[in-house]
Amino acid sequence: MRGRLAGKVALITGASRGLGALEAVMFAKEGAQAVIVSDVSQSALQETVKAVEELGGATTVIPLELNVTLEEDWTQAAISIEKRFGKLDILVNNAGITKRERFVDCSLADWNRVIAVNQTGVFLGMKYSAPLLRKSGRGSIINMSSIAGVTGYFAAPYTASKWAVRGMTKAAAQEFGGWGIRVNSVNPGFIWTPLTLPAKQMVEAFTLERAGEPEEVAQAVIFLASDESSYMTGGEITLDGGMTAGGEIRLIAKELGIYRDE
Ligand SMILES: NC(=O)c1ccc[n+]([C@@H]2O[C@H](COP(=O)([O-])OP(=O)(O)OC[C@H]3O[C@@H](n4cnc5c(N)ncnc54)[C@H](O)[C@@H]3O)[C@@H](O)[C@H]2O)c1
């Protein structure tokens with residue numbers, strides 16, 4: 001059976017753990033020709049490489065040291081992908097960090113660090129990958145935003161960066177449409193990964209009253225990466241168990257006794 005990503009070459013940033021690592025494995029299960037897994041250190045990628053290789057499929061997995069904040073890393077990545085594959089079909093701008101700091105407490109250094117990874121990293125990724133994605137003829141960029149990019153959130157630099165990701169996604173969709181490149185964002189809510197706050201009580205604000213599983217995010221990323229989403233660009237998929245659809249209001253109404261779950 002041909003997978004949904006058969007014949008495609010994908011680059012995933014921040015793929016040594018969490019959502020990026022799982023996406024690499026699930027891309028391989030969907031028959032991707034090659035998955036280039038990247039992160040700040042190549043040694044940290046060994047687990048991801050092993051997990052893909054253990055599937056025993058035909059996907060080539062390539063570990064790549066790529067700090068998304070460094071322009072020279074992106075230029076080198078583009079050169080090596082061009083040399084080996086002559087094109088790129090999928091870019092997942094997944095790498096991200098968080099600083100749960102308020103505006104008044106956040107140092108300029110912390111602000112700049114979060115913006116550098118989450119926002120500038122996505123800019124550089126799109127800038128340097130676009131010429132390779134153009135060669136695909138049906139390229140797809142998936143940018144990881146968050147519900148912190150949909151609502152106000154308690155982490156100032158993280159919120160700023162994730163709203164920027166959604167905005168850049170829509171701007172890039174305009175710019176790259178003529179090159180056959182689609183650009184969409186994914187806005188996860190609260191998914192259990194090493195990044196996530198150990199705050200189970202927050203989960204009650206989600207209409208579905210549970211956190212999301214990494215597989216549920218990866219499925220959305222696969223849809224956007226595949227040709228199944230061929231008419232979708234500048235769009236977004238929000239996976240938050242209904243939180244931004246009014247989950248918090250429902251929770252307050254429940255506490256006040258004016259709404260009952262029957
Ligand atoms: N887990 C969630 O609940 C959740 C919710 C909303 C959005 N997201 C977003 O999804 C993405 C993945 O999140 P996760 O939960 O898997 O996080 P994670 O912390 O488990 O993984 C993030 C990865 O990014 C890498 N990284 C950090 N700085 C980097 C840099 N400068 N260059 C390259 N790689 C770098 C880390 O090494 C790590 O492997 C992030 O963009 C995050 O903001 C996650």
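Since we're looking at a predicted model, the values are computed, not measured. First listed ligand is number 1; within each ligand, the first listed atom is number 1. Residues take their numbers from the sequence shown, with the count starting at 1.
Other residues, nucleotides and ligands place no more than 12 heavy atoms under 6.0 Å from the NZ atom of K29.
Annotation: A15 places no N or O atom under 3.5 Å from an N or O atom of ligand 1; distance criterion only. On a distance-only criterion, T69 and ligand 1 share no N/O pair closer than 3.5 Å. Considering both main-chain and side-chain atoms, I191 comes within under 3.5 Å of ligand 1 through a nitrogen or oxygen pair. Residue S16 has at least one N or O atom closer than 3.5 Å to an N or O atom of ligand 1.
Heavy atoms of F190 found under 4.0 angstrom from ligand 1 belong exclusively to the backbone. Contact annotation for V117 and ligand 1: only side-chain heavy atoms (C-beta onward) come within less than 4.0 Å of the ligand. For I97, every heavy-atom contact with ligand 1 shorter than 4.0 Å involves the side chain, none the backbone. With a heavy-atom cut-off of 4.0 Å, P214 does not touch ligand 1 at all.
Y158 and E101 form no side-chain donor-acceptor contact under 3.5 Å, judged by distance and modelled atom types alone. Residues N143 and S185 have side chains that never bring a donor and an acceptor to within less than 3.5 angstrom of each other.
The CZ atom of R138 sits 3.5 Å away from atom NZ of K8, with the distance rounded to the nearest 0.5 Å. The distance from the CD1 atom of I90 to the CD1 atom of I222 is 9.0 Å, given to the nearest 0.5 Å.
Salt-bridge check for R250 with E255: failed, with every basic side-chain N at 4.0 Å or more from each acidic carboxylate O.
Distances from atom 32 (N) of ligand 1 to the heavy atoms of N94, V68, N143 put V68 nearest.
Atom numbering of ligand 1 starts at 1 in the shown order; those under 4.0 Å from a heavy atom of N67 are 30 (C), 31 (N), 32 (N).
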